[in-house]
Amino acid sequence: MKKKLAKILKDTLDLCFREGYLRRMPIREFVIEIPNNPDHGHFATNLAMALAGGQKGSPWDVAEIIIRHLVDHDHFVLKAEIGGAGFINFTISKGQWYNLLAQVINLRDDYGRSSLGKKEKMMVEFVSANPTGPLHLGHGRGAALGDTLCRILDFSGYDVRREFYINDIGQQVKILGESIYSRWRQFSDPSYPFPSDGYQGDYIQELATEIAKEKKLEGLDPHEAIDLLSELGKDKILREIEEDLADFRVHFDLWYKESDLYSSGKMDHARELIEKRGLLFEEGGALWVRTSSFGDDKDRVIRKKDGQFTYFASDISYHFDKWKRGFNRVINIWGADHHGYITRVKAALAAEGIPGDWLEVLLIQLVKLWEGGAEVKMSKRAARYITLKELVDDVGVDAVRFVFLSKDHTSPLDFDIDLVKRRDSENPVYYVQYAHARVCSLFRKAGKENIHLPEHPGPVLQRLVLDEEIALIRKIAEFPSLIEEIACDLGPHRLTYYLTELASSFHSYYNRHRIVTDDKTLSQARLLLSLGVKIIIRNGLNLLGVNAPEAM
RNA sequence: GCGCCCGUAGCUCAGUUGGAUAGAGCGCCGGGCUUCGAACCCGUAGGUCGCAGGUUCAAAUCCUGCCGGGCGCGCCA
């Protein structure tokens, strides 16, 4: 709808320039928006105000010229008025809205799907949690965001891959092994020391018990045992991470192992590339990359003097590999505490001539948990924290995903367990789902009354004459452009707000007017409108990874 | 000290990328089921958009400077 109006305005401008009604000038950006005041029509544009600077008259004069010469062969616009400081308010003819609703019903699950992305290859790397412990809430937030972005990007015509990067080697995996080993020893000797930087948490004991049952650890010397425990412990944790994510409706196309970068020679290759550019140097026994030449505030070490490569080294190699695999765009979702890393990685990419906007990093802020009116303090060191699995088991996937996705990822999230646990009206999630279930219920009711949808909705839809009904269709019509906008600005929280608004409008309408009545065609028309609402809610929730139940 | 993010109703947050009288949920107060599901609806109250300048027809939104909060500035992972 918006696009159609934009075309009309553009044609009108062309005409006005050609015929000299308006002084020819570059068209400044103008906006077509949906006014919140119903007196301002269905759409409004600031076009006249944007042009006024280069024209003779005031915005009002310009607006009048535009309205007088509107190129509208199909009588799309019913009414065009000037308001405020020079806005042009458009009221669209009812027939156009009926057509739109008919189109929604026709397209069903595909309504809102677009080819915006033109099959462009994209990758979203997210979660990428270390395989040293269970997923916490921050990971969950990242998982929900990453997965939903992928769903939306896919729906918008991008060719999207989901990837999980596994830090499966190095210091932290070794510490995992040492932690398990120590716990195992403590079973028989409680005084056996626990590493100072070891992983707290009961899951370490559980792993020790489990592995001790499967493998004979007694004969091994400590080094061998620790290596074995590192390997087995890591694999078990990884399997659990994968399961927890699957339960959270998140699946990855590829689990990329850091160790593969070493075994495949990609680490060496990346180093050679940097060396060829003359950006590698040795100092103090360590190997450095001159990232300061590319916007970083200092140079960075990729190999320590003890010979170990740093995380940064494999990150460079990994991102070079992403580039080489031919992705047009790459999105990383990181915890906010990693933001210092962004310039570093981008500097390394810039050194290879990779453009700065190729990689986009989204930072996830913390999740705070509230219960009984107080914050649940979490501490990783003391292993006092609620895992994603625990939360999901407690309140359900739908609620967790919806709440995680309902806030912009740049601001910290307060998660009120009490609120979300309640399966009643206080719960923000059920509000939207209820609207969907309610429509389903209406159709069950209509079926009993032997009222069915007509073959061709066109004629019946003319029974929709109320302002509220047109307003609902207009709300429905926003869906495709909203999805496109989200695909561009990567802010899916707006979808949760939109769905809540749509549900609210529908609940309100439902309470004021009967859908199924003795008047058959009116009932059919209102059922068609309800169906339109249902389709949008279903498609929207689907993109959020939340169920749309037929009954609750 | 430097860099990034944030500051909007009592609380938690939106605000269509610069637009018209700044919105929603929760909480408070008061109403609404004999008819399609009350997991719902309707109404009332609640604001110096952190502060001060600047940019322009127009600023919660953009620029500058303060104030307040979070995070980051390792040859840690």
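None of these values were measured; they are calculated from a predicted model. Residue numbers start from 1 in every chain, and the chains themselves are labelled A, B, ... in the order their sequence lines are given, proteins ahead of strands. The basis for the numbers below is simple: all heavy atoms, side chains too, and nothing from hydrogens, waters or symmetry mates.
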> Within the 3.5 Å criterion, strictly below it, is a donor on A/N547 or A/Q433 matched to an acceptor on the partner's side chain?
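Looking only at side-chain atoms, A/Q433 and A/N547 do not form any donor-acceptor pair under 3.5 Å.
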> Both A/K2 and A/E33 contact RNA chain B. Which one's nearest nucleotide lies toward the 5' end?
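The answer here is A/K2.
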> Search all heavy atoms of A/L543 against all heavy atoms of A/F479 and return the closest pair with its distance.
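Here A/L543 and A/F479 meet closest at CD1-CZ, 4.2 Å.
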> Which pairs count as salt bridge (charged side-chain N to carboxylate O under 4.0 Å, His left out) when at least one residue sits in residues 31-45 of chain A, sequence neighbours excluded?
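As it turns out, there is no salt bridge (charged side-chain N to carboxylate O under 4.0 Å, His left out) pair with a partner in residues 31-45 of chain A once direct neighbours are skipped.
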> C1' atom, B/G27 versus B/A9: distance in rounded Å?
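B/G27 and B/A9 have their C1' atoms separated by 12 Å.
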> Check the pair A/Y318, A/Y165 against ring pair (Phe, Tyr, Trp, His ring centres under 6.0 Å), reporting the backbone distance first and the verdict last.
CA-CA 9 Å; A/Y318 178 42; A/Y165 178 65; 4.2 Å; yes
> Are the side chain of A/E484 and the backbone of A/L116 linked by a donor-acceptor contact shorter than 3.5 Å?
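Between the backbone of A/L116 and the side chain of A/E484 there is no qualifying donor-acceptor contact (under 3.5 Å).
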> Give me the distance, rounded to whole Å, that separates B/C51 from B/A39 when you measure between the P atoms they each carry.
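Those two atoms are separated by 42 Å.
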> Please answer whether B/G19 and A/F87 are stacked, defined here as ring centres separated by less than 5.5 Å and planes angled under 30°.
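Not stacked by the 5.5 Å and 30° rule.
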> Just by distance, no angles: are the side chains of A/E478 and A/S481 close enough, under 3.5 Å, to form a donor-acceptor pair?
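Absent: no donor and acceptor within the cut-off.
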> Over all strands shown, is A/S508 touching base, sugar-phosphate only, or nothing at heavy-atom distances under 4.0 angstrom?
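Counting heavy atoms under 4.0 Å across all strands, the contact made by A/S508 is with sugar-phosphate only.
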> At their closest point, which heavy atom of A/S530 faces which heavy atom of A/L442, and how far apart are they?
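Of all heavy-atom pairs spanning A/S530 and A/L442, the closest is OG-CD1, 4.0 Å.
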> Considering all heavy atoms of both residues, which atom of A/S230 and which atom of A/L176 are nearest to each other, and what is their separation?
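For A/S230 versus A/L176, the nearest heavy atoms are O-CD2, 4.3 Å.
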> Would you kindly give the NE2-to-P distance between A/H436 and B/C36, to the nearest whole Å?
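Rounded to the whole Å, the gap is 21 Å.
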> Is a side-chain donor-acceptor pair under 3.5 Å present for A/R300 with A/T291?
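No, no side-chain donor-acceptor contact under 3.5 Å.
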> Could you check whether A/Y341 and A/Y311 have their ring centres less than 6.0 Å apart?
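Not close enough - the centres of the two rings lie 6.0 Å or further apart.
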> Determine the Euclidean distance between corresponding C1' atoms of B/A52 and B/U12; express it in Å to zero decimal places.
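Between the two C1' atoms, the distance is 29 Å.
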> Taking atom P in both B/U55 and B/G68, compute the distance separating them and give it to the nearest angstrom.
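28 Å, rounded to whole Å.
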> The side chain of A/K305 lies closest to which of these nucleotides: B/C75, B/A20, B/C41?
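Nearest to the side-chain atoms of A/K305, counting from C-beta on, is B/C75.
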> How far, in whole Å, is B/C26 from B/G46 if one measures between their C1' atoms?
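Looking at atom C1' only, B/G46 and B/C26 are 14 Å apart.
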> Mind checking if A/E485 touches a base, just sugar-phosphate, or nothing, with heavy atoms under 4.0 Å?
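Sugar-phosphate: the residue A/E485, judged by heavy atoms under 4.0 Å, touches backbone atoms but no base.
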> Hey, which of these two, A/I32 or A/A437, hits RNA chain B nearer its 5' end, going by closest nucleotide?
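Result of the comparison: A/I32.
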> A cation-pi test, strictly: NZ or CZ of A/R438 under 6.0 Å from the centre of the six-membered ring of A/Y510 and no more than 45 degrees from its axis. Yes or no?
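Yes, A/R438 lies over the aromatic ring of A/Y510.
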> What is the pairing partner of B/C71, taking Watson-Crick or G-U wobble pairs with both distances under 3.5 Å in any strand?
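Pairing partner, where one exists within any strand: B/G3.
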> Pick the C1' atom in B/C13 and in B/A60, then give their distance to the nearest Å.
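Those two atoms are separated by 14 Å.
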> Taking atom P of B/G74 as reference, at what distance in whole Å does atom NE2 of A/H338 sit?
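Result: 14 Å.
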> A/G285 near the nucleic acid: base, sugar-phosphate alone, or nothing, with a heavy-atom cut-off under 4.0 Å?
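Counting heavy atoms under 4.0 Å across all strands, no contact is made by A/G285.
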> Between A/H139 (side chain) and A/H136 (backbone), is there a donor-acceptor pair under 3.5 Å?
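Indeed, once roles are kept as given, a pair shorter than 3.5 Å links the two residues.
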> So what does A/A551 touch, heavy atoms closer than 4.0 Å: a base, only the sugar-phosphate, or nothing?
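A/A551: base contact, heavy atoms under 4.0 Å.
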> Treat primed atoms plus P, OP1 and OP2 as sugar-phosphate and everything else as base, then score nucleotides 9-14 of chain B 5' to 3': B for base contact with protein heavy atoms under 4.0 Å, S for sugar-phosphate contact only, - for none.
---SSS
> Scan A/R303 against the nucleic acid and name what it touches under 4.0 Å (heavy atoms): base, sugar-phosphate only, or nothing.
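The answer is nothing, as A/R303 stays clear of every strand by at least 4.0 Å.
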> So what does A/D337 hit on the nucleic acid, given a heavy-atom distance under 4.0 Å: a base, only sugar-phosphate, or nothing?
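If one applies the 4.0 Å heavy-atom cut-off, A/D337 turns out to touch the sugar-phosphate alone, with no base involved.
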> Please classify the nucleic acid contact of A/A286 as base, sugar-phosphate, or nothing, using heavy-atom distances under 4.0 Å.
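Since a base atom lies under 4.0 Å of A/A286, the category is base.
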> Say whether A/Y509 and A/E469, considering side chains only, have a donor N or O and an acceptor N or O under 3.5 Å apart.
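Result is yes, a qualifying pair exists.
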> Would you indicate, yes or no, if B/A38 has its OP1 or OP2 atom less than 4.0 angstrom from a side-chain nitrogen or oxygen of A/R438?
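Yes, A/R438 has a side-chain N/O under 4.0 Å of OP1/OP2 on B/A38.
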> How long is the line joining OH of A/Y430 and C1' of B/C41, in whole Å?
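Nearest whole value for this atom pair: 21 Å.
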> Determine the Euclidean distance between corresponding C1' atoms of B/C41 and B/A59; express it in Å to zero decimal places.
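Taking atom C1' in both B/A59 and B/C41, they lie 36 Å apart.
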> What pairs of nitrogen or oxygen atoms, one from the protein and one from nucleotides 1-3 of chain B, lie under 3.5 Å apart?
residue, atom, partner, partner atom, Å
B/G3, N2, A/H339, NE2, 2.4

> Under a 3.5 Å cut-off for both distances, is B/A24 Watson-Crick or wobble paired, and to whom?
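Pairing partner: B/U12.
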> For the base of B/A20, is there a side-chain donor-acceptor partner from A/D39 under 3.5 Å away?
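Donor-acceptor pair under 3.5 Å: no.
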> When we call it a touch if two heavy atoms are under 4.0 Å apart, what does A/E282 touch: a base, just sugar-phosphate, or nothing?
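Result for A/E282 = nothing.
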> Write down the distance between CG (A/L363) and P (B/C6), rounded to a whole number of angstrom.
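Interatomic distance, CG of A/L363 to P of B/C6: 11 Å.
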> Within the structure shown, what part of the strands sits under 4.0 Å from A/D299 by heavy-atom distance: base, sugar-phosphate, or nothing?
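Answer is nothing: A/D299 stays at 4.0 Å or more from every strand.
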> What residue among A/S128, A/S314, A/S317 forms side-chain hydrogen bond (donor to acceptor under 3.5 Å, both in side chains) with A/E258?
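Single side-chain hydrogen bond (donor to acceptor under 3.5 Å, both in side chains) partner of A/E258 among A/S128, A/S314, A/S317: A/S314.
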> On the side chain of A/N46, is there an atom forming a donor-acceptor pair with the base of B/G19 - under 3.5 Å, no angle test?
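When only heavy-atom distances are counted, A/N46 does reach the base of B/G19 through a donor-acceptor pair under 3.5 Å.
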> Below 4.0 angstrom, which residues in residues 518-530 of chain A have at least one non-hydrogen atom near RNA chain B?
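Result for residues 518-530 of chain A: none.
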> On a heavy-atom basis, which atom in A/I241 and which in A/N130 lie closest, and how many Å separate them?
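So the two residues come closest at CD1-O, 4.2 Å.
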> Hey, what's the ring geometry for A/H319 with A/W334, parallel, tilted or perpendicular (30° and 60° as the breaks)?
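Rings of A/H319 and A/W334: perpendicular, over 60°.
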> Between the protein and nucleotides 29-35 of chain B, are there any N/O to N/O pairs under 3.5 Å, and if so, what are the atom names and distances?
residue, atom, partner, partner atom, Å
B/U35, O2', A/R514, NH1, 3.4
B/U35, O2', A/R514, NH2, 3.4
B/U35, O2, A/R514, NH1, 3.3

> State which residues pass salt bridge (charged side-chain N to carboxylate O under 4.0 Å, His left out) with A/E275; sequence neighbours excluded, sorted by chain then number.
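Partners of A/E275 under the salt bridge (charged side-chain N to carboxylate O under 4.0 Å, His left out) test: none.
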> Please classify B/C33 as syn or anti, treating any glycosidic angle within 90° of 0 as syn.
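Because its glycosidic torsion lies within 90° of 0, B/C33 adopts the syn conformation.
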> Just how far, in rounded Å, is P of B/A39 from CG of A/N547?
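For the pair A/N547 CG and B/A39 P, the rounded distance is 20 Å.
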> Would you mind reading off the distance between A/F312 atom CZ and B/G72 atom C1', rounded to a whole angstrom?
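So the CZ-C1' distance, A/F312 to B/G72, works out to 16 Å.
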> List the atom of A/W60, the atom of A/G86, and the distance in Å for their closest heavy-atom pair.
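Closest approach of A/W60 to A/G86: NE1-N, 3.8 Å.
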> Would you kindly give the NE2-to-P distance between A/H40 and B/A22, to the nearest whole Å?
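After rounding, the gap between these two atoms is 12 Å.
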> Taking the P atom of each, how far is B/G15 from B/U61, in whole Å?
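Nearest-Å result for B/G15 against B/U61 at atom P: 14 Å.
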> Starting at OH of A/Y498 and ending at C1' of B/A24, how long is that distance when rounded to a whole Å?
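Rounded to the whole Å, the gap is 16 Å.
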> Under 4.0 Å, heavy atoms only, any strand: does A/A435 hit a base, just the sugar-phosphate, or nothing?
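No contact.
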> Is there a Watson-Crick or G-U wobble partner for B/G19 with both distances under 3.5 Å, and which nucleotide is it?
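Looking at the geometry, B/G19 pairs with B/C57.
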